[in-house]
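Here the structure is laid out as C-alpha cells; the discussion comes afterwards.
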2 protein chains.
Amino acid sequence: MLSAKTQYAIHALTFLGERFGKGPIPINQIAEHRQIPYKFLEAILLELRKSGVLGSKAGKNGGYYLLRPPEEVLVVDVIRQMEGPISLLPCVSKKFYESCRVCPHAEPGCIVREFFRQVRDATLHAMEGRYLSELLDPHAVKDRLHGQRGGKMSYFSSTRRLLRSIAELRDRKRHSGRKIAI
Amino acid sequence: MLSAKTQYAIHALTFLGERFGKGPIPINQIAEHRQIPYKFLEAILLELRKSGVLGSKAGKNGGYYLLRPPEEVLVVDVIRQMEGPISLLPCVSKKFYESCRVCPHAEPGCIVREFFRQVRDATLHAMEGRYLSELLDPHAVKDRLHGQRGGKMSYFSSTRRLLRSIAELRDRKRHSGRKIAI
DNA sequence: ATATAACCTATCGATTTAGTAGGGTTTAAT
DNA sequence: ATTAAACCCTACTAAATCGATAGGTTATAT
C-alpha cells in the first residue's frame, strides 16, 4: 500500500496539473480543496520541489507549480520518488537494488526471484507510459484550457483535442522500445 | 516491498514444499538451511499454522509440514496472509477495502482510483494461479519424488511429469473464469 | 512597512519492524 | 518414568517509519 504521504502527493499533483499554466498555487488552496493537513502537505511539496517535479515562488502571490506540463510527468516517477521501489523484493529492483536476505549473492537461477521479477514486470507494464495528465479531472482541465485560450473553444473540441494528444504521446512512448527500470 | 517476515515465510514454505510428504520438519532445520533467525522463524511458522497453511507436530521427531501439497498452495494467499493487501490504494482493495482518505465516499468516477485499479489488476494477473510448487528447487523436488517412489524413476521422467502436471493444473485454474479478489 | 507565503529545523506520539529472551507445555523415543 | 526434542506463549526492546505539528526565518508583491 502507498503511504498517506504518497497518496497526498499524487492528489496534490493532480490539483496542480489541473491548474498548470495559471501561475503558483499556494499550499492552503491545495490543502483545503483536497483535504490534506496543511503542515504535512507543506513537507510533501517541499520534497517534490527538491526532487525536481515542482517549482516554487515565495512571498505574496507565491506558491507551487509544475515545472513541466502534466502530459510529461510520469506517474511512476512520482511514486518512486515518494515511496521507493515498486518491486516486492529488493533483489529484483533496478532503481533500488539490494541483495536478498535469503540468498545474498542473488543467484541468477533463484526461482523465487524469477517469480517476483515477473510480478514487478506486470506491475510496471501497467504503470509505464502513464502520465499525470491521465489522472486529471476533465472538467478542471477544460477550465484550464478555457483560461489559456480565452474560453473560445467548446468543451467537446478542447477536451477531444487534449485526449487525442495524450493518447498520441502515450502511444509514442509505449512503442519507443525504451527500457523502463523499476 | 515485502517485509522480512513475508520473505522468510515464502522461503520457509519452499523449504517445506520441497520436503512435502516427508513428515514434520523441525524449525532449526529450516532456520539453518535458509539463514533465518530461529526465534523469528518460530513466530512466522506459528502464524502460518494458525492461518491454516501449515500443520505441526510437537515432541520428538516433530516439526512443521504443509497441510496440502505445494501444487495447491496459492502464493498470493500467502502474501495476503502475511503482508495484507496487494493493492496500492485501500479503495481498490476487495479483501482489505477501506475508503480513500482523499475521497471518503469512493466516487465511482474517481480517475485516480481507476488508474490504481488497473495497476492492481496487472499485478494480480501475474500472481493469480501461481502455486508454491512453481517456486521449488527442481533438484530438491527430485529428491522428494525419489524418496516417495523409492528412487526408481529417472531424474528426467520424474521432473518432466511433475512440471507437466503443474502446467496443467495452472492452466485449468487460469481458464476456470474464477474471480480472484485482491 | 505590511501582509503573504514559502522555507527550514525540530520534535513528537503512535505504530510497525525485526528481532531477542526465557520459560511453560506437549509429545514420544527410550 | 525419564528426558530430550519440539511446540507454544508472553513479554520486551531497539530502531525505523508514519503521520503529522510547532515555531521561527526568508522572500516578495503591494
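Computed over heavy atoms, backbone and side chain alike; hydrogens, waters and symmetry mates excluded. Naming: A, B, ... by sequence-line order, numbering from 1 per chain.
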Next item on the list: Assess whether atom CD of B/Q29 is packed by more than 12 heavy atoms of other residues, nucleotides or ligands within 6.0 Å.
Entry: yes

Check: Quick one: is D/dA6 close enough that its OP1 or OP2 comes under 4.0 Å of any side-chain N or O from B/N28?
Finding: yes

Note to self: If I take atom OH in residue B/Y8 and atom P in nucleotide C/dT20, what distance separates them, rounded to the nearest angstrom?
What the structure shows: 9 Å

Margin query: Closer than 4.0 angstrom, basic N to acidic O: yes or no for A/E128 and A/R80?
Written below: no

Check: Reckon B/K57 has a side-chain N or O less than 4.0 Å from the OP1 or OP2 of C/dA28?
Finding: yes

Note to self: Tell me if the centroids of the rings in A/Y8 and A/F40 come within less than 6.0 Å of each other.
What the structure shows: yes

Next item on the list: Report the distance from atom CG of B/L41 to atom C1' of D/dC8, rounded to the nearest whole Å.
Entry: 14 Å

Note to self: Looking at B/S56, I'd like to know whether one of its side-chain N or O atoms comes within less than 4.0 Å of OP1 or OP2 on D/dA6.
What the structure shows: no

Note to self: I want to check one thing: is the phosphate of D/dT17, taken as OP1 and OP2, less than 4.0 Å away from some side-chain N or O of A/S3?
What the structure shows: no

Notebook entry, point to check: B/I25 CD1 to D/dC7 C1': how many Å, rounded?
Noted result: 15 Å

Check: So does B/K50 get a side-chain nitrogen or oxygen closer than 4.0 Å to the phosphate oxygens (OP1/OP2) of D/dC9?
Finding: yes

Check: Between B/E83 and B/K5, does at least one N-O distance fall below 4.0 Å, as a salt bridge requires?
Finding: no

Checklist line | Value in whole Å for how far the C1' atom of D/dT13 lies from CZ of B/F40 | finding: 14 Å

Note to self: Quick check: on DNA chain D, is the nucleotide nearest B/A58 upstream (toward 5') of the one nearest A/A43, or the reverse? Name the residue that is more 5'.
What the structure shows: B/A58

Margin query: Between B/Y65 and D/dC7, is there a contact of a side-chain N or O with OP1 or OP2 at under 4.0 Å?
Written below: no

Check: Between A/Y38 and C/dA6, is there a side-chain N or O to OP1/OP2 distance below 4.0 Å?
Finding: yes

Margin query: It should be established whether A/N61 places a side-chain nitrogen or oxygen under 4.0 Å from OP1 or OP2 of nucleotide D/dT30.
Written below: yes

Next item on the list: Give a yes or no on whether a donor-acceptor pair under 3.5 Å exists between the nucleobase atoms of C/dC7, that is its base, and the side chain of A/E42.
Entry: yes

Next item on the list: Give A/L45 one of three labels, base, sugar-phosphate or nothing, depending on what nucleic acid heavy atoms sit under 4.0 Å from its own.
Entry: nothing

Item checked: Protein-nucleotide distance (B/R49, atom CZ; D/dC9, atom C1'), rounded to Å -> 11 Å

Notebook entry, point to check: How long is the line joining CG of B/L2 and P of C/dT17, in whole Å?
Noted result: 12 Å

Next item on the list: Could you tell me whether B/E114 and B/R117 have a side-chain N and a carboxylate O separated by less than 4.0 Å?
Entry: yes

Item checked: Basic-acidic side-chain contact under 4.0 Å: B/E42, B/K39 -> yes

Item checked: Toward the 5' end of DNA chain D, by each residue's nearest nucleotide, A/G59 or A/A4 -> A/A4

Notebook entry, point to check: Would you say the base of C/dG22 and the side-chain of B/K39 have a donor-acceptor pair closer than 3.5 Å?
Noted result: yes

Next item on the list: Would you kindly give the CG-to-P distance between B/L48 and D/dC8, to the nearest whole Å?
Entry: 12 Å

Next item on the list: Measure from CE on B/M1 to P on C/dT16 and round the result to the nearest Å.
Entry: 19 Å

